[in-house]
Amino acid sequence: MLHNPITSLETLAVHAGIGEFNYRPVVPPIYQTSTFSFESASDGAALFADEKHGYIYTRMGNPTVDALEQCVTQLEGGHKALTCGSGMAAIHTTLAALLQIGDHVVCSDAVYGPTTTLIQTILGPLGIESTFVDTSNLDAVRRAIRPNTKVVYVETPGNPTLVITDIEEVCKLAHECEALVVVDNTFMSPILQQPMRFGADVVVHSMTKFLNGHADVIAGVIIVKNQTRYEQFRKVLNQLGGVLGPFEAFLVHRGIKTLALRMDRHTKNAMIVAKFLVNHPAVEWVRYPGLKSHPQYEVGRKQMLGAGGLISFGLKGELVAGREMMNALRLCTLAVSLGGVETLIQHPATMTHASMGREARIQAHITDGLVRLSVGIENVDEIIADLAQALSKATQPAPMAKIVVQKADPQTQGVHNAVL
Ligand SMILES: *Cc1c(COP(=O)(O)O)cnc(C)c1O
């Protein structure tokens, strides 16, 4: 338990949510049990009637899971949190709690691929309407909001284009129309961005990524602002059932202890790698929130405390060169996911964002040549040496190809030249 008012995120990451357990352990124990016995029949009845605090059944609550929820709540500056079995379970629970038949959701067009698929192919047939827009464009958000819009769902920076949405401005627009704003904060973690400070109503995370940080758990979390919302979400999560198990909760809580340290190293390494890529002759464009060339660099500076560990870039030799480079890497690992201690590289158009279809990808500027890099905490010189040797093996482009491609996609802006 924290007795002094502690506000720094570094200290909270280490101490928040430790709780008070029998025998005074320094780390919350793993309550690996599905159910809890009642002292008496009336005790069980009191627990069910919510007249007494305690535990009944792990889908409805578990001390190890509670400890993690308290930790994440404090880091995000929310009221309470609900952990889920995956980031997708957190997103599904959130949307299921907030949307009913006939309602409409406005969603960032550059979001985690399965989020698009969830909204379009699972919620769509249940009668929930959706519009996908570039939420970095406030006019587009304004135009997309309708009388039946209940949720504006924002991922910032967006996956995988790293487009940045102004959380504060989108919240103003949405709140004028009585819509709630949900922010997927996975790419930043609460160390680098706290969306509720800018008005967000609900924050979700895939804790599989930076929060756990060690690529060994699938987990998600929802953070809410008040007790009414918490009760509403808890009921939905209880019925949908996508909860987190105690062992996973223990692992994520353990991972969070080093979150501030890791985010610092991810950000420092990514900045150095981004600059290396910008200056590399085989690289066509680089998008990283820490570079002044990023189209929403100023918005990022307003709401982010650091640029994070993700970089997207395209090669002059396009998809073919990208594949050659990815196959030549030795240290950087070819795998989806992100936010772990190891550097991972992947190709969204054929991997994480394949399911959304090419048309939707092009609308969201997810071009076929885009490569996504999650920069780890390794020695940065060794990351760069690996990228350099792999890039040297990638085919250089035919000069004509580039001209044709630039004409084919006039929408691209700034450094974000399309590579088809
Ligand atoms: C990975 C990810 C998700 C989904 O999380 P899972 O834990 O894989 O279900 C959602 N949003 C973002 C931004 C992600 O990177």
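Each ligand, and each atom within it, is numbered from 1 in the order the structure gives. Hydrogens, waters and symmetry mates play no part in the numbers below; they use all other heavy atoms, side chains included. Worth saying up front: this structure is predicted, and the values here are computed from it rather than measured.
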At less than 3.5 Å, what protein N or O atoms come close to the N or O atoms of ligand 1? Include the distances to 0.1 Å.
{"residue": "ligand 1", "atom": "5 (O)", "partner": "Ser206", "partner atom": "OG", "Å": "2.9"}
{"residue": "ligand 1", "atom": "7 (O)", "partner": "Gly87", "partner atom": "N", "Å": "2.8"}
{"residue": "ligand 1", "atom": "7 (O)", "partner": "Ser206", "partner atom": "OG", "Å": "2.8"}
{"residue": "ligand 1", "atom": "7 (O)", "partner": "Thr208", "partner atom": "OG1", "Å": "2.6"}
{"residue": "ligand 1", "atom": "9 (O)", "partner": "Gly87", "partner atom": "N", "Å": "3.0"}
{"residue": "ligand 1", "atom": "9 (O)", "partner": "Met88", "partner atom": "N", "Å": "2.8"}
{"residue": "ligand 1", "atom": "11 (N)", "partner": "Asp184", "partner atom": "OD2", "Å": "2.7"}
{"residue": "ligand 1", "atom": "15 (O)", "partner": "Lys209", "partner atom": "NZ", "Å": "2.7"}

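A salt bridge is defined here as a Lys NZ or Arg NE, NH1 or NH2 lying under 4.0 Å from an Asp or Glu carboxylate O, and Arg143 with Asp139 fails to meet this definition.
Under the 6.0 Å distance and 45° angle rule, Lys257 does not count as a cation-pi partner of Phe250.
Aromatic rings from His205 and Phe210 are positioned such that their centres are separated by 6.0 Å or more.
Using bins of under 30°, 30° to 60° and over 60° for the plane-to-plane angle, the ring pair Phe36/Tyr31 lands in the tilted bin. Ring geometry, His53 versus Tyr55: the interplanar angle exceeds 60°, so the pair is classed perpendicular (tilted spans 30 to 60°).
Crowding of Gln227 atom CD: a count of heavy atoms from other residues, nucleotides or ligands under 6.0 Å exceeding 12.
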